[in-house]
Amino acid sequence: MARIPRSVALLLFLAAAAAATAGSLLVGSVPVRDLTWEILRDYRIPHAMLALLVGASLGASGVCFQALFRNALADPFVVGVSGGAALGAVASIVLGLRTTLLGLGGTTAAAFAGGLGAAFLAYRLARVRGRVPVESLLLAGFAIGSFSGALVSFLVLAGRHDWNEVIGWLMGNLGQPDPMYRAAVVSPCLGLSAAIMAFHARDLNLLLLGEESAAQLGIEAEKIKGRLLAAGSIAAAGAVATCGMIGFVGLIVPHVARRLVGPDHRTLLPVAVVAGGALLALADAAARALSPGSPLPIGAVTAVAGAPFFIYVMRLKKGG
Amino acid sequence: VKRLALALLVLGCQKSDPPQGPTRSFRDDRGRSVAVPQPPRRIVSLAPSTTELLFEAGAGDQVAGVTTYCDYPPEARSKPKIGNVVVDLEALHTLRPDLVVTSWTIGRRAAEDLEGKGYAVFALDPSSFEEIAGALIRLGEMTGHAAQGSQAAQALLARVRAVRERPGPTFYFEHSADPLGTTGPETYLGRVLKQAGGKNVIEGGWKLIEWEEVLSKNPEVILIAHDQSEGLDRRAGWKQLRAVKNGRVHFVPKEHFVYPTPRLAEGLREAAELFHGKDP
């Protein structure tokens with residue numbers, strides 16, 4: 001696969017995102033003949049926006065973490081964000097925290113805090129004498145993720161609570177009845193983290209080359225790593241707190257984007273943001289078109305479609 | 001080591017004691033004839049609904065074990081626990097039950113498992129008030145409380161008859177908020193809501209739906225049977241819904257609607273009242 005100029009790639013994915021969004025506006029439980037402007041305005045358009053924003057967050061976070069960790073398997077949830085968010089969400093469900101916090105619903109707020117808390121904990125645990133080796137960060141994130149996952153199981157069983165709600169959350173769900181609210185939670189997270197990543201796009205290039213070249217960043221290196229970790233975690237936590245765990249998007253998108261436009265993060269980041277949005281909008285349209293009336297869980301769709309596609313991309317790399 | 005292995009072997013092969021004394025056969029809801037000791041003295045119930053039915057039928061004192069989900073009637077909470085959604089075989093075995101009662105709908109796997117281990121398993125699957133009454137009668141008979149079982153059944157049917165079926169408003173019933181879970185008319189709950197006089201805007205059985213379907217059908221009444229009321233007004237188009245404008249969004253206790261037990265008659269009465277107003 002030849003590299004293509006940034007503008008072409010961006011246009012390509014913008015067109016794909018537009019097509020997927022248009023398609024997604026036309027499919028759903030309500031047949032086209034019964035579709036009203038109110039349903040489009042109140043539900044379908046905000047819903048399509050939410051899919052784009054969450055996909056974009058996952059794409060941005062994936063790119064950031066794959067560079068930061070110099071690891072092709074890194075995804076938005078690599079530092080334990082998803083485990084921490086799941087723990088926060090389930091704890092709020094089981095303990096019955098239904099109150100509103102700063103305009104956020106109890107579960108959303110708890111999940112967001114849990115996700116960021118996990119990342120921060122991983123960062124603190126991995127820090128030795130003012131330095132944070134990425135390997136330690138990766139391991140600490142993995143351990144925290146597994147630990148939170150185990151706590152989730154305990155809480156669910158001990159709380160005698162509805163599995164329904166918890167399982168729905170763990171499978172990822174874009175079909176919430178309040179897409180506008182969720183989009184309003186995701187947007188600032190995406191905006192903030194994308195701005196930090198864009199500001200440090202050159203530094204991401206250096207980090208990707210290894211600790212030695214990152215040393216060129218001098219004493220700034222640790223500070224920058226911390227900021228990028230925060231940026232990737234905020235994007236991931238925003239996505240996971242509003243729509244549950246949607247896997248594979250954050251893993252595949254950076255790989256596809258890198259194959260298309262190369263590893264320079266000044267190009268890679270915007271392309272991954274748009275591609276992530278396009279991919280999730282497409283998966284969402286498929287999930288609703290394939291099972292009208294009762295949409296398939298979006299996390300399952302992205303995994304089923306994503307795993308083979310990921311293998312395909314991986315094989316391409318080997319061959320070429 | 002040899003002795004330990006032998007002990008394990010013996011333990012592994014040990015089946016529950018064959019019922020001593022007289023047994024009587026009862027047909028359960030999967031059509032199987034189950035030999036029940038007369039009377040059973042140590043009954044284990046594997047589902048909240050069967051626990052409730054056993055207590056209603058008068059067999060509460062014979063219940064030896066329940067799940068952690070069995071919270072009704074309150075006396076059930078103090079019974080020894082044999083697991084949650086997963087049956088703790090060791091705990092169950094320690095109770096040496098002579099009868100296991102479970103719900104066929106939710107406990108199929110466990111029922112077959114325990115049967116393979118030699119337990120007498122009686123599976124219930126009532127899907128209407130008549131069948132719930134039938135279950136009460138059978139449970140009463142098999143546990144030596146024929147009179148109380150039949151009385152409970154009569155009382156249940158009388159409460160059901162007190163609600164006259166007549167046409168009422170269109171409605172949407174929500175038992176889970178995330179994901180959005182509801183039922184169409186084809187479940188026991190769906191039939192109860194129909195009997196209460198409502199016209200369900202959703203078709204089919206238990207299902208997860210998209211919110212836009214509710215927006216499109218714009219029901220006259222919305223019944224919410226979960227505790228996630230927070231965030232309802234953030235829902236798309238919420239304030240434009242007929243039910244919201246007319247103040248006909250009602251919160252109902254989930255436990256009166258989701259279990260196929262006599263409490264469902266309470267749900268029937270409540271739904272009828274909400275559909276038609278107080279006058280029965």
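For the numbers below, each heavy atom of this structure counts, side chains included, while hydrogens, waters and symmetry mates do not. What you see is a predicted model, and the numbers here were worked out from it, not measured in a lab. Order of the sequence lines sets the chain letters (A, B, ...), proteins ahead of strands, with each chain counted from 1.
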Closest non-hydrogen atom pair, G237(B) against D42(A): CA-OD2, 3.6 Å

Quick one: do E38(A) and Q240(B) satisfy side-chain contact (heavy atoms from CB on, under 4.5 Å)? Show the steps, please. CA-CA 9 Å; E38(A) 282 75 24; Q240(B) 272 79 52; 5.9 Å; no

Is the number of heavy atoms from other residues, nucleotides or ligands under 6.0 Å of D61(B) CG greater than 12? no

For the CZ atom of R234(B) and the CE atom of M180(A), what is their distance to the nearest 0.5 Å? 13.5 Å

Residues passing the side-chain contact (heavy atoms from CB on, under 4.5 Å) test with E220(B), sequence neighbours excluded, are P169(B), T170(B), R242(B)

Short question: side chain of E212(B), backbone of S29(A) - any donor-acceptor pair under 3.5 Å? yes

Nearest 0.5 angstrom please: I39(A) CD1 to N218(B) CG, how far? 9.0 Å

Counting only non-hydrogen atoms closer than 4.5 Å, does I209(B) touch chain A with its backbone (N, CA, C, O), its side chain (CB onward), both, or neither? both

Which bit of Q176(A) comes within less than 4.5 Å of chain B, counting heavy atoms only: side chain, backbone, both or neither? side chain

Take W211(B) and H47(A) through the side-chain contact (heavy atoms from CB on, under 4.5 Å) test and state the conclusion after the steps. CA-CA 11 Å; W211(B) 177 244; H47(A) 173 94; over 6 Å; no

Does CD belonging to E203(B) count more than 12 external heavy atoms closer than 6.0 Å? no

Tell me, yes or no, whether the heavy-atom count around K194(B) atom NZ, taken from other residues, nucleotides or ligands under 6.0 Å, exceeds 12. no

